[in-house]
Amino acid sequence: MNGWIGKILRVDLSSGACDVSSTEPSVAKDYIGGRGLGIYYLNKLVAPKCDPLSPDNALVMATGPLTGTGAPTGARYMVMTKSPLTGAITCSNSGGMFPTEFKRAGYDAIIFTGRSKTPVYLWLDQGKAELRGADNLWGKDTHETTDMLLAETDTNARVACIGPAGEKRVLFASVMNDKHRAAGRSGVGAVMGSKNLKAVVVKGKGRIPLADADRFKAFNKHILDTFKEGIKETPLGLTVNGTAGVVLVTQNFGVLPTKNWQQGTFDGWEKIQGEELTRRFLKKNSACYGCPIGCGRKTVVDDPRFAGEGEGPEYETIYAMGSNCLIDDLAAITKANYICNEMGMDTITMGATIACAMELVDRGYLKEEEVGRPLKWGDAEALVELIRMTATREGFGDLLAEGSYRLAKRYGHPELAPVSKKQEFPGYEPRGSQAMGLAYATSPIGGSHMRGDPAYFELFGVPQSMDPLQWEGKAKVTKAYQDLSAIIDAAGLCIFFAVRNLAAKDLGVAPVGILEYLNAATGADYTLEELMLAGERIINAERLFLARAGFSRKDDSLPKRLTETPAPTGPAKGMVCHLNEMLDDYYKVQGWTDNGIPKKEVLGRLGLTE
Ligand code: SF4
């Protein structure tokens, strides 16, 4: 095979057996790779109603056919499993250097099943797989773990691992690779912890075969030249200020979630915006393999209260731990981000859960004695202390470790949790960005901006603007962007480059650039229609898993705060999110029943009837 490696590694953690099978060419073509391969295998291997933290769950790590090829931002891999936070499917995506090394080590995907009796890590050295004991690593943070594993294996290897949060099964524990890159969402790290799998270490020198290297090289040059020409006059905002630059945009549109999603504007926004991060803390940019953008931030905080060094924070972290908690102290937010990375936790769910706890205290539903310390809006010290306690499930941290929905429900007010399918939202307020509300509600993994991101056209005008306050007509474009995100995730690309430079020709979405890269790399001769069908197939295969797990329209929801309470401030003042109206349209566009279940005709068209 070309583009694809052609091999899948199956690791049965219960028996310790490591077996190799072939990547079936027809499956590879139909599901592309990455997220697509993940859902293909999970539908085969995992009973949708199983306990996600039991040995019955499986965990798939999968690269895409463009990962490691040199296509710009072709640096991604997916971690897929049944989520302990949501009970739904999840697909969590990360870049850095690990995914390319993983593919060069000789596999398209690794499928973990069962549970090891004792802590282990997988050492994958140029195709040879070996499970090794990890007792000495248990309890270590992700940075210590990485350093110890590199010393034990090969200093040029790459590591993806969990920290103490994954071991303690914090429901939103992440898998960290290259120390600072996160497959962050939905508790993929807790599933690794439940399997006693501490880490995956990869080393590979293998060449990634390309079907037509000359065609690939020529197209790559064209795309990179065009990209460079486009930024000759004005550098890309993502390069200059990272994703933190988005604070300015969301504040201006009135969609910067503030005070646990009560409003969409924050008085202290200027202190937490991207320019401030650049001015105060940026040491240098960092980039994933083959990325011409370099949105990563290597930062140093020398404020003695929150001193530290690491990467980040990203925009989503700044919203969740900043405006959402009424915290305008960027040093504290950056430190909180470092701790989450070291302990292995998702910063979005962490920040949103603390904001939810602040509101529970503010409204008198939760006593500070139960928290064990004062917990007022804007309390930066509390933020940092509670994050440490959550990672080890110490004291009140044990309740925070369950996420905002379970916390708010415990105190009798689940409506205060900013979630869909029990997963916390990223930082775009649906009352002022209607399609984002629809995307959150219908995302297969719960609240997410990475599984279809209509903010591109509603807030950033890519490829063209659409009124963010208008809800009519949003179902069709939201579906198109969800299908596109599935293609990007499956190919192994980063959405930041792919949407702008390889796909967005009009609001109907035309991934012609991805098509050319895929055909040059794989020789699979995709037509544009086949490629777009593959995206739709992935979305419907995920939806089938959800349907079999008992999910339906009732779960495609938003809190009443967003659908019934008018926004109190900013350009969206007076607006609610018109989710129900958009859902009716959306199910029609998808060809699903009014209850959100894929109809037989759609499944037949996509070859999913089996
Ligand atoms: S844009 Fe950022 S996240 Fe995407 S590949 Fe580049 S550095 Fe990585």
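Whatever order the structure lists them in is the order used to number ligands and atoms, beginning at 1.
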Side-chain donor-acceptor contact under 3.5 Å, Y338 with T299 | yes
Give a yes or no on this: more than 12 heavy atoms of other residues, nucleotides or ligands lie within 6.0 Å of atom NZ of K203.
-> yes
Looking at atom 4 (Fe) of ligand 1, is one of the N, O or S atoms of C291 less than 2.8 Å from it?
-> no
Go through ligand 1 atom by atom and flag the ones less than 4.0 Å from a non-hydrogen atom of C288.
-> 5 (S), 7 (S), 8 (Fe)
One finds that the ligand 1 atoms under 4.0 Å from a non-hydrogen atom of R76 are 3 (S), 8 (Fe)
Which atoms of ligand 1 have any heavy atom of F496 under 4.0 Å away?
-> 1 (S), 4 (Fe)
Please check if the distance between the ring centroids of F102 and Y107 is under 6.0 Å.
-> no
Distance only, no hydrogens: is a donor on one side chain within 3.5 Å (strictly under) of an acceptor on the other, for T349 and D346?
-> yes
What about F266 and Y319, are their ring centers closer than 6.0 Å?
-> no
Give a yes or no on whether C295 keeps an N, O or S atom under 2.8 Å from atom 2 (Fe) of ligand 1.
-> yes
Flag the pair Y440 / Y428 as yes when their ring centroid distance falls below 6.0 Å, and as no otherwise.
-> no
Considering heavy atoms of the protein only, find what lies nearest to atom 4 (Fe) of ligand 1 and give residue, atom and distance to 0.1 Å.
-> C494 SG, 2.4 Å
Sub-4.0 Å atoms of ligand 1 with respect to non-hydrogen atoms of T73 = 5 (S)
With backbone taken as N, CA, C and O and side chain as the heavy atoms from C-beta onward, which portion of R181 lies under 4.0 Å from ligand 1: side chain, backbone, both, or neither?
-> side chain
